[in-house]
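So the structure is just underneath, and the comments pick up after that.
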There are 2 protein chains.
Amino acid sequence: MTPLDSVTTSELIAQKLRHDILSGKLKPLQPLRQDEIAAQMGVSKIPTREALVQLKTEGLVVLHQNRGAVVAEFSPADVTEIYDMRAALETLALERAIPNMSKADFVRAEGLIEIMDDERDALKWSELNWEFHAMLYRPAHMPRLLEHIRMLHSNVARYVVHYLTSVDYHAEAQRQHRLILQLCRDGNIAQATPQLAAHLTQAGKKIARFLKDEG
Amino acid sequence: MTPLDSVTTSELIAQKLRHDILSGKLKPLQPLRQDEIAAQMGVSKIPTREALVQLKTEGLVVLHQNRGAVVAEFSPADVTEIYDMRAALETLALERAIPNMSKADFVRAEGLIEIMDDERDALKWSELNWEFHAMLYRPAHMPRLLEHIRMLHSNVARYVVHYLTSVDYHAEAQRQHRLILQLCRDGNIAQATPQLAAHLTQAGKKIARFLKDEG
DNA sequence: ATTCGTATAAACGTATACGATTATACACAA
DNA sequence: TTGTGTATAATCGTATACGTTTATACGAAT
């Protein structure tokens with residue numbers, strides 16, 4: 001809007017909607033009306049529409065022809081599918097990253113784990129969790145791969161937050177994080193990747209079951 | 001435009017642009033001007049913009065703030081990265097699909113291979129090649145996974161077509177296709193998935209090297 | 001000659017406006 | 001009461017219009 005915003009209005013709206021969806025403020029199947037969002041943000045519908053197109057391809061909203069957009073809902077089967085994809089892609093990323101990891105990477109990863117020990121807010125913990133994983137994968141120097149993983153992660157982040165607020169999974173997750181990090185330090189690709197895969201598919205199953213149980 | 005088109009104008013434009021990019025009619029780094037495209041299609045800029053946003057997230061175009069869109073260019077490193085991702089995701093899909101394959105699936109897959117034997121047009125061959133691979137993965141019943149694979153495939157399709165018009169890779173690819181299909185018939189997941197991975201990474205390396213050599 | 005600044009044109013991003021589609025409410029008939 | 005048709009409102013999708021940003025051409029200064 002103002003001449004100084006170096007980022008486009010569409011992207012600002014997409015960021016806000018993304019945040020509201022991931023934090024749970026906007027719930028699955030909730031309709032997202034263009035006029036309403038535009039008015040609330042003080043802009044017109046057009047950047048709003050472009051933001052919705054963006055979020056559609058990210059998998060966070062679903063668009064129906066002439067019937068508007070709703071927040072995407074994921075079935076338990078969808079969640080396990082996404083975690084299976086994550087396991088496939090993240091093991092690839094880790095495998096390629098380990099040979100390139102530096103001492104500084106290990107220090108920062110360890111620092112993140114320690115911060116996570118004390119973080120009680122589920123949403124913030126989830127963000128730190130992503131940052132930890134991303135740190136493990138960045139040394140692979142595969143930007144497209146990282147972006148795909150980020151999108152998959154953000155697809156299930158809502159459910160992770162929801163799960164974490166009900167069940168205390170932190171301790172077990174942290175134990176696995178420390179184990180994986182140690183295997184990275186050792187340069188032990190052969191054990192690190194299956195450990196990561198197990199970490200992810202286990203989490204996926206837990207969350208899918210949780211979703212199923214609560215109906 | 002007319003009241004009868006059941007698909008949105010944005011999607012029509014996206015389809016046309018996608019086709020023109022994949023077929024090589026629009027070349028890497030070529031600018032895509034909104035006004036020009038809109039005038040050429042006889043519509044306004046707005047659906048054109050939405051189509052470009054869509055194609056951006058598919059990785060086929062790159063958008064620069066206030067400087068418009070260009071057809072995405074992939075470096076050799078990008079191509080190998082995408083093939084590595086494909087190998088990871090497609091082996092997952094195949095592994096989950098094999099237990100669900102039916103006799104009809106095998107018949108149709110074999111039919112596709114035979115059609116491909118006689119197809120000389122590189123673009124059409126590439127489309128048939130995708131159809132063959134998709135057929136192997138559909139029984140997995142993982143729609144999100146299939147969609148991700150489709151996007152990755154379309155990202156490199158241009159370069160595959162380019163490669164195929166210069167180098168005769170058909171015979172070797174067909175041999176590998178027949179081998180993989182036979183392993184699927186046998187229900188031999190343990191051999192089918194590494195064979196598929198080899199098929200893909202080999203193709204990726206060949207195409208990346210080809211790109212590098214021709215500058 | 002090269003560099004810098006300015007004017008002009010081209011292209012982008014968004015607000016407004018309007019026709020088309022879908023949902024909702026209500027009357028009427030079975 | 002229940003179902004069906006129609007009128008009305010709400011919402012979507014796109015064209016037009018306009019201000020802003022970026023690129024290009026040209027002239028002045030070093």
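Proteins come first, then strands; the chains are lettered A, B, ... in the order of their sequence lines, and each starts at number 1. Every value quoted in this text rests on a predicted model; they were computed, and no experiment measured them.
- Of the candidates C:dA11, D:dT21, D:dT14, D:dT14 carries the atom nearest the B:I46 side chain, counting heavy atoms from C-beta on.
- Looking at the side chain of A:P47, the nearest of the listed nucleotides C:dT14, D:dT16, D:dG13 is C:dT14.
- Atom P of nucleotide D:dT22 and atom CZ of B:R33 are separated by 16 Å, given to the nearest angstrom.
- The phosphate of C:dT14 (OP1 or OP2) has a side-chain N or O of A:S10 nearer than 4.0 angstrom.
- Of the N and O atoms on the side chains of B:D117 and B:H170, not one donor lies less than 3.5 Å from an acceptor on the other residue.
- In this entry the distance linking CD of B:Q65 with C1' of D:dT21 reads 9 Å, nearest Å.
- Dashed line: the shortest gap from a side-chain N or O of A:R49 to OP1 or OP2 of D:dC12 is not under 4.0 Å.
- Of the inter-residue distances, the one linking B:M101 atom CE with B:L136 atom CG reads 5.0 Å to the nearest 0.5 angstrom.
- Distances shown here put a side-chain N or O of A:Q34 below 4.0 Å from the OP1 or OP2 atom of D:dG13.
- Separating the CD atom of B:Q54 from the P atom of D:dG13 is a distance of 14 Å, rounded to the nearest angstrom.
- Under 4.0 angstrom from either OP1 or OP2 of D:dT14 there lies at least one side-chain N or O belonging to B:T8.
- Residue A:K45 places its side chain closer to C:dA17 than to any other of C:dA17, C:dG13, C:dT21.
- Of the listed nucleotides (D:dA15, C:dT14, C:dA23), C:dA23 has the atom at the smallest distance from the side chain of A:R67.
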Query raised in the report: Does the side chain to side chain donor-acceptor pair (under 3.5 Å) test come out yes or no for B:Q176 and B:Q202, once each step is laid out?
Result: CA-CA 11 Å; B:Q176 293 178 359; B:Q202 185 195 60; 2.8 Å; yes

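- Atom CD of B:E36 and atom C1' of C:dA11 are 11 Å apart (whole Å).
- In this structure, the CG atom of B:L52 is 14 Å from the P atom of C:dT14, given to the nearest Å.
- Nearest-nucleotide positions on DNA chain C place A:E50 closer to the 5' end than the other of A:N66 and A:E50.
- Rounded to a whole Å, the CG atom of B:D35 is 17 Å from the P atom of D:dT22.
- When the C1' atom of C:dC12 is taken as reference, atom CG of B:L32 falls 14 Å away, rounded to whole Å.
- Aromatic ring centres of A:H153 and A:H148: separated by at least 6.0 Å.
- Salt bridge A:K27/A:E73: absent, no basic N to carboxylate O contact under 4.0 Å.
- Distance, B:L63 CG to D:dT22 P: 15 Å, rounded to whole Å.
- Of the side-chain N and O atoms in B:T9, one or more sit less than 4.0 angstrom from OP1 or OP2 of D:dT14.
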